[in-house]
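Structure incoming, see below.
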Protein chains: 2
Amino acid sequence: MAPLDRSIVANVPIFASLSADDLDAILCDARSVRYPKDSSVFDQGGEAHSFFVLLHGHLRVEKTTPQGQQIVVRYVSAGELFGVAQALALKNYPATAIAVVDSVALSWPSALWPQLTAKFPALAAGALQTVGSRLQDTQDRVLEMSSEQVEQRVAHALLRLAKQAGRKVEHGVEIDFPISRQDVAEMTGTTLHTVSRILSAWEQQGLVEGGRQRIVLRDPHRLFEIAEGQGK
Amino acid sequence: MAPLDRSIVANVPIFASLSADDLDAILCDARSVRYPKDSSVFDQGGEAHSFFVLLHGHLRVEKTTPQGQQIVVRYVSAGELFGVAQALALKNYPATAIAVVDSVALSWPSALWPQLTAKFPALAAGALQTVGSRLQDTQDRVLEMSSEQVEQRVAHALLRLAKQAGRKVEHGVEIDFPISRQDVAEMTGTTLHTVSRILSAWEQQGLVEGGRQRIVLRDPHRLFEIAEGQGK
DNA sequence: GGCGGAACTTGTTTTAGCGCAAGCTCCCAG
DNA sequence: CTGGGAGCTTGCGCTAAAACAAGTTCCGCC
């Protein structure tokens with residue numbers, strides 16, 4: 001296997017506190033894999049053979065009910081730890097992860113998790129924080145779904161996406177990967193149709209700028225007001 | 001401080017793998033506190049001074065928006081670890097925990113968490129699993145809220161409560177603590193009114209039996225069918 | 001370069017369940 | 001044992017948003 005240089009994980013927060021030697025030790029068990037756009041990194045229900053760190057690209061994590069209803073659990077950006085099912089005592093992945101653009105991830109066999117955390121307690125602490133902040137996010141989402149109108153939820157979702165994966169463009173912030181109305185609907189618990197209507201209305205008012213699988217926020221501040229309920 | 005005997009934590013899963021000596025070491029830093037019904041163990045936004053294990057009773061964990069909207073995040077039963085904000089790198093508690101019946105909890109100063117987990121890695125692993133399964137639950141809840149009708153969600157909520165805190169009674173399973181329609185509404189993202197209507201209808205059909213802050217499931221199997229969407 | 005389908009838009013109809021309002025019941029305090 | 005209030009029930013209208021239903025546009029592929 002090609003040796004992995006530790007410089008490739010310079011921007012991975014969970015490894016930040018480790019020494020160069022420790023990093024090398026960890027990396028020597030890792031494999032680097034390329035996932036082309038639209039391919040899956042792991043599948044819901046599949047055996048949790050590995051855990052991962054995303055080096056480059058973006059993933060969409062989605063969850064499907066037995067009845068076929070689907071939601072987007074979250075998007076993963078470069079530098080994030082994901083697929084730690086094993087650490088949560090799960091034998092199978094609880095969701096599916098799909099590359100929304102060509103992506104690269106490091107992977108380790110799940111079986112190594114106990115040894116690695118034993119040797120590097122910072123890893124366990126980091127994972128706990130990662131999972132904890134995801135729990136926070138998910139609880140906030142429940143709160144949003146209980147208390148906010150669809151329009152507010154969509155505004156929140158866009159702002160969060162922009163924060164996580166926004167790229168400054170000429171007149172606004174563009175979400176840096178292809179995202180459909182359907183995806184936004186599955187993030188906010190609504191339908192493709194309603195999202196389309198809302199975005200059309202916002203486009204009229206110059207708040208956003210659309211396109212096929214493309215969203216640019218032209219007036220994030222106004223969107224924030226809508227998200228907070230000040231809007232109209 | 002009165003010494004705590006290790007027998008009191010015999011039924012706490014997170015401590016299950018520890019030796020008697022280790023347990024004694026951990027317990028000697030713990031305080032046992034009694035929380036009368038309706039008192040709060042910690043408050044949303046308050047400084048995260050301690051983490052806890054519930055020895056006896058039941059807690060309701062709730063979260064409030066700036067606008068005053070409230071949801072029930074979950075219920076805590078005896079044996080569970082809770083209030084581990086510190087471990088998730090939070091300085092303040094993200095929710096409020098209220099005793100729904102007279103309860104007893106062990107508490108440790110948050111500051112001890114790093115040392116305890118360093119000394120007893122099983123603790124960190126256990127906390128990770130606890131937080132992980134909460135994340136699972138919360139994600140399932142989002143999925144439910146996106147894809148199910150209110151009636152199904154209420155059925156799911158009752159079944160979950162019964163599983164977690166059900167007590168066999170003459171003709172069914174009773175939720176083992178006082179719970180109002182409002183509470184169920186806040187668990188399922190609906191209103192007191194709708195829950196009341198649904199429970200009334202179910203009572204007519206003999207599926208449940210109500211009362212002031214009291215719910216008895218008389219036909220869990222039928223409720224399960226409703227929860228799964230087979231109903232009506 | 002045109003064909004096919006995925007992504008999106010937009011209009012109309014329908015409905016779940018929320019908001020409001022009124023009244024009931026049971027528990028507890030005085 | 002009586003009064004007050006918390007918890008609950010129930011009726012009614014309304015509305016946000018889902019469902020249903022046609023399109024239109026754009027992109028990649030043969």
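Proteins come first, then strands; the chains are lettered A, B, ... in the order of their sequence lines, and each starts at number 1. FYI, side chains are in, hydrogens and waters are out, and symmetry mates aren't considered; it's all heavy atoms of this structure.
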Seminar exercise, completed: Rounded to whole Å, the CD-P distance (A:Gln213 to D:dT25) equals 19 Å
Exercise. Out of B:Gln205, B:Glu170, B:Glu203, B:Glu209, which one pairs with B:Arg218 under the side chain to side chain donor-acceptor pair (under 3.5 Å) rule?
Worked result: B:Glu209
Problem set entry | Short side-chain N/O contact from B:Ser196 to OP1 or OP2 of D:dC8, under 4.0 Å | no
Between protein and nucleic acid, restricted to nucleotides 3-6 of chain D and to nitrogen or oxygen atoms under 3.5 Å apart, what atom pairs and distances do you find?
{"from": "D:dA6", "atom 1": "N3", "to": "B:Arg212", "atom 2": "NH2", "distance (Å)": "3.1"}

Seminar exercise, completed: side chain to side chain contact (heavy atoms under 4.5 Å, CB included) filter on A:Ala99, not counting sequence neighbours, yields A:Tyr35, A:Ser39, A:Leu59, A:Ser103
Problem set entry | Rounded distance in Å - CD (A:Glu203) to C1' (D:dT25) | 14 Å
For this session: Would you mind reading off the distance between A:Arg214 atom CZ and D:dC26 atom P, rounded to a whole angstrom?
Result: 13 Å
Problem set entry | Which residues share a salt bridge (charged side-chain N to carboxylate O under 4.0 Å, His left out) with B:Asp102, sequence neighbours left out | B:Arg34
Exercise. Given atom NZ of A:Lys37 and atom C1' of D:dC27, what is their separation to the nearest angstrom?
Worked result: 11 Å
Exercise. Atom CG of A:Leu192 to atom P of D:dA17: distance rounded to whole Å?
Worked result: 16 Å
For this session: Scan side-chain atoms only and decide if A:Gln70 and A:Thr64 contain a donor-acceptor pair under the 3.5 Å cut-off.
Result: yes
Could you go through residues 175-182 of chain A and list every donor-acceptor pair under 3.5 Å that involves a side-chain atom there, pairing it with any protein atom two or more places apart or in another chain?
{"from": "A:Asp176", "atom 1": "OD1", "to": "A:Arg167", "atom 2": "NE", "distance (Å)": "2.8"}
{"from": "A:Ser180", "atom 1": "OG", "to": "A:Gln182", "atom 2": "N", "distance (Å)": "3.3"}
{"from": "A:Ser180", "atom 1": "OG", "to": "A:Asp183", "atom 2": "N", "distance (Å)": "3.1"}
{"from": "A:Ser180", "atom 1": "OG", "to": "A:Asp183", "atom 2": "OD2", "distance (Å)": "3.2"}
{"from": "A:Arg181", "atom 1": "NH2", "to": "A:Gly211", "atom 2": "O", "distance (Å)": "2.7"}
{"from": "A:Gln182", "atom 1": "NE2", "to": "A:Glu186", "atom 2": "OE2", "distance (Å)": "3.0"}

Exercise. Sequence neighbours excluded, which residues qualify as salt bridge (charged side-chain N to carboxylate O under 4.0 Å, His left out) partners of A:Asp140?
Worked result: B:Lys63
For this session: Using the test side chain to side chain donor-acceptor pair (under 3.5 Å), find all partners of A:Gln44 that sit at least two apart in sequence or belong to another chain.
Result: none
Exercise. To the nearest Å, how far apart are B:Glu209 CD and D:dC8 C1'?
Worked result: 16 Å
For this session: List in chain and number order the residues that pass side chain to side chain donor-acceptor pair (under 3.5 Å) with A:Asp137, two or more places apart in sequence or in another chain; answer none if no residue qualifies.
Result: none
For this session: Please work out which residues in residues 174-186 of chain B have a non-hydrogen atom less than 4.0 Å from an atom of DNA chain D and list them by number.
Result: B:Ser180, B:Arg181
Exercise. For B:Arg153, which residues count as a salt bridge (charged side-chain N to carboxylate O under 4.0 Å, His left out) partner, sequence neighbours excluded?
Worked result: none
Below 3.5 Å is the cut-off: list the nitrogen or oxygen pairs between protein and nucleotides 12-19 of chain C, distance only.
{"from": "C:dG17", "atom 1": "OP1", "to": "B:Val150", "atom 2": "N", "distance (Å)": "2.9"}
{"from": "C:dC18", "atom 1": "OP1", "to": "B:Thr190", "atom 2": "OG1", "distance (Å)": "3.4"}
{"from": "C:dC18", "atom 1": "OP2", "to": "B:Thr190", "atom 2": "OG1", "distance (Å)": "2.4"}
{"from": "C:dC18", "atom 1": "OP2", "to": "B:Thr191", "atom 2": "N", "distance (Å)": "3.2"}
{"from": "C:dC18", "atom 1": "OP2", "to": "B:Thr191", "atom 2": "OG1", "distance (Å)": "3.1"}
{"from": "C:dC18", "atom 1": "OP2", "to": "B:Thr194", "atom 2": "OG1", "distance (Å)": "2.7"}
{"from": "C:dG19", "atom 1": "O6", "to": "B:Arg197", "atom 2": "NH2", "distance (Å)": "3.1"}

Exercise. Given atom CE of B:Met145 and atom P of D:dA18, what is their separation to the nearest angstrom?
Worked result: 13 Å
For this session: Grab the CG-C1' distance between A:Leu199 and C:dC8 for me, whole Å please.
Result: 10 Å
Under 3.5 Å, which donor-acceptor pairs link side chains of residues 75-90 of chain A to any protein atom two or more places apart or in another chain?
{"from": "A:Ser77", "atom 1": "OG", "to": "A:His58", "atom 2": "ND1", "distance (Å)": "3.4"}
{"from": "A:Ser77", "atom 1": "OG", "to": "A:Gln164", "atom 2": "NE2", "distance (Å)": "3.1"}
{"from": "A:Glu80", "atom 1": "OE1", "to": "A:Arg74", "atom 2": "NH1", "distance (Å)": "3.3"}
{"from": "A:Glu80", "atom 1": "OE2", "to": "A:Ser77", "atom 2": "N", "distance (Å)": "3.0"}
{"from": "A:Glu80", "atom 1": "OE2", "to": "A:Gln164", "atom 2": "NE2", "distance (Å)": "3.4"}

Exercise. Is B:Ser200 near enough to D:dT10 that one of its side-chain N or O atoms lies under 4.0 angstrom from OP1 or OP2?
Worked result: yes
Exercise. What pairs with A:His49 under ring pair (Phe, Tyr, Trp, His ring centres under 6.0 Å), at least two apart in sequence or on another chain?
Worked result: A:Tyr93
